[in-house]
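All of these numbers come straight from a predicted model, not from anything done at the bench.
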Protein chains: 2
Amino acid sequence: MIKTRPVNDARGDNSALKVVGDLKQDILTGYFKPGEKLKMTRLKERYQIGVSPLREALSQLLIEQLVVVENQRGFKVHPVSREEMRDIYATRAEIEALCIGLAVERGDDEWEAGILAAAHTMHKFGDMVDKDPQEWERRHQAFHTAIAQGCNSPTLLQVRRSLYEKASRYRNLWLKKNMANSDVFDANQKEHQLLIDALLAGDGEQARELIRQHLLSPSRALEKTPGLEELAD
Amino acid sequence: MIKTRPVNDARGDNSALKVVGDLKQDILTGYFKPGEKLKMTRLKERYQIGVSPLREALSQLLIEQLVVVENQRGFKVHPVSREEMRDIYATRAEIEALCIGLAVERGDDEWEAGILAAAHTMHKFGDMVDKDPQEWERRHQAFHTAIAQGCNSPTLLQVRRSLYEKASRYRNLWLKKNMANSDVFDANQKEHQLLIDALLAGDGEQARELIRQHLLSPSRALEKTPGLEELAD
DNA sequence: CAATACAATAATGTCGACATTTTAAATTAA
DNA sequence: TTAATTTAAAATGTCGACATTATTGTATTG
């Protein structure tokens, strides 16, 4: 007899691993706000799960610095600050440049094909950015990931992903306040094309510089947004 | 009445945080071997602690990729492989070069002073490397950390520390088999001096190249060591 | 009235117990 | 003997209970 397994239930994982993704999502999207206390009672009923797996999940997010813990005072969402934002984005720009530099050296035909495919998928979504920013961001990230994959270093890519997640918390905070307007969106598109050109031409130095600017510009935009202060600490 | 608090007891931390350091140490030093199963009964009696805090500690090491988990089959020490070793060391070289490049741009007088101080402390230990390799490594690492600090980026330094820890597992495996001999040690000393010269001269590009070679040489040495295979997987 | 001290309420962190699953051993079959 | 099957033992993962600690609200005092 064949066991029927619900597709949404990751049977291979324990409860902690099942919930860690949801929990992370709730923090990154801002359902749980920066600095907010994460009460066990609330988490228990939200995720329908006991204390032990919850603490295990939170322990993982602790290392990823998405939550903070204080003895006998439980877990809190890691607070945000302009300083941290600057540092994360700056580091992210350097890491991404590093990935791309290596990718240009090491990337093969399959790598180039992957980039063009992802670019196409992203382009198709086009100006529908106002309809579903979340989906657009998904494709946008897939595009950049396709490029970075070329570095062929699991360790480096892991670092990259971790930084992306940390940064997305700030990006989402920003998205909540001012919706993406089409001019910065168009500028984005142009930058992407320039980047692709540099990559296919094998110009690593140019690509590195382009990606630095590309990643730093949202940071500059966020820099000006008010309303971060009251969320910090 | 004043409460007397034992210095060794980190009273501010819960049990998981108290034990995570020891656990990490035991994995990095090879007390628990790569791929070895981490039975709860054994861990319980070794650290004199219950299952819940243990699982929390292990969940943290899970993200740092020092342990692996499989549902209903518990935790294992993350296996080693030549492939992973190569990747970690290569990434580490690039990250360290990145830190140093930024440090040369941003570093101030205090930074330079810190480097010289650490270099002195390391040099004083000198040829006593045969007496306590562990202590020598501590000072060696302190020296490199002093340099990297100059980048002034907590996020980047965090990445750096994480990679150092992962790498030290391989380094310790190597130390167990062939004790440090004085010729590679002397070469090390020379490289350090060249590095300091480049740093104080403000030659970032030279410093970056020096550090790459410096970090990659142990990797090349480990590359040849036999006896990794039977520990892998 | 403000500030402190105290009580009660709530929340955390840890352990032991239990159901489920895996692993090892013993038994049987080919 | 070797392979497959059954049985026994051991280990994992989760929950509820409990002690300890923090927090909130109330009373007391100057």
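Nearest heavy-atom pair across B/Ala148 and B/Leu157 is O-CD2, 3.6 Å. Of all heavy-atom pairs spanning B/Thr29 and B/Asn172, the tightest one is CA-ND2, 3.8 Å.
Residues passing the salt bridge (charged side-chain N to carboxylate O under 4.0 Å, His left out) test with B/Arg106, sequence neighbours excluded: none.
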Would you sort out whether B/Arg138 and B/Glu135 count as a salt bridge (charged side-chain N to carboxylate O under 4.0 Å, His left out), showing the intermediate values? CA-CA 5 Å; B/Arg138 219 187 54 73; B/Glu135 173 62 15; 3.1 Å; yes
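Geometrically, A/Arg46 engages A/Tyr31 in a cation-pi contact defined by less than 6.0 Å to the ring centre and at most 45° from the axis.
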Per-nt protein contacts along nucleotides 11-16 of chain D (heavy atom under 4.0 Å; B base, S backbone sugar-phosphate only, - none) come out as SSSSB-
